[in-house]
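Down below is the structure, laid out as structure tokens.
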Amino acid sequence: MALTQEEILSDLAEIVEEVAGVDAADVQMDKSFTGDLDVDSLTMVEVVVAAEEKFGVKIPDDAVKDLSTVGDAVGYIQKNQA
């Protein structure tokens with residue numbers, strides 16, 4: 001069963017909090033990973049790997065560069081989840 005947008009956002013916020021040390025409450029759809037949440041490129045790779053494992057999706061490198069906001073990532077995961 002596919003996860004809802006809210007479920008993906010909640011789970012992704014937990015990942016970002018665990019990997020990047022950002023308060024999960026700050027991880028909102030309109031927030032930029034680099035500009036608002038201060039997630040650097042190396043940490044972003046860790047977030048992507050954790051998200052791939054959590055959601056069972058593959059996020060290719062060329063797609064990662066297009067995931068500038070939390071909403072972009074949630075949308076990608078929702079669209080590509082099994």
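Side-chain atoms are counted along with the backbone in the values below, which use heavy atoms only and exclude waters and symmetry mates. We count residues from 1, following the sequence as given.
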With S41, which residues qualify under side chain to side chain contact (heavy atoms under 4.5 Å, CB included), at least two apart?
none
More than 12 heavy atoms of other residues, nucleotides or ligands under 6.0 Å from CD of E7: is that the case?
yes
Using the rule given for side-chain contact (heavy atoms from CB on, under 4.5 Å), can you reason through D61 versus V48, listing the C-alpha separation, both sets of side-chain angles and the distance that settles it, and then say yes or no?
CA-CA 10 Å; D61 291 344; V48 167; over 6 Å; no
Taking the side chain as every heavy atom from C-beta outward, state whether [X] and [Y] have any atom pair closer than 4.5 Å.
| X | Y | result |
| --- | --- | --- |
| L3 | I77 | no |
| E17 | V22 | no |
| V70 | L12 | yes |

Approximate separation, where rounding is to 0.5 Å, of M44 CE and S68 OG
8.5 Å
Measure the spacing between CG of L67 and NZ of K65 and express it to the nearest 0.5 Å.
11.0 Å
Identify each donor-acceptor pair in which a side-chain atom of residues 24-32 lies under 3.5 Å from a protein atom, sequence neighbours left out, and give them as a table.
{"unit_1": "Q28", "atom_1": "NE2", "unit_2": "A25", "atom_2": "O", "d": "2.8"}
{"unit_1": "S32", "atom_1": "OG", "unit_2": "T34", "atom_2": "N", "d": "3.4"}
{"unit_1": "S32", "atom_1": "OG", "unit_2": "G35", "atom_2": "N", "d": "3.0"}

Check for a donor-acceptor pair, side chain of [X] on one end and backbone N or O of [Y] on the other, with a separation under 3.5 Å.
| X | Y | answer |
| --- | --- | --- |
| E52 | I59 | yes |
| Q81 | F55 | no |
| D72 | T69 | yes |

Please name the pair of heavy atoms, one in V39 and one in A20, separated by the smallest distance, quoted to 0.1 Å.
CG2-CB, 4.1 Å
From CA spacing to verdict: side-chain contact (heavy atoms from CB on, under 4.5 Å), F33, D40:
CA-CA 8 Å; F33 284 106; D40 63 30; over 6 Å; no
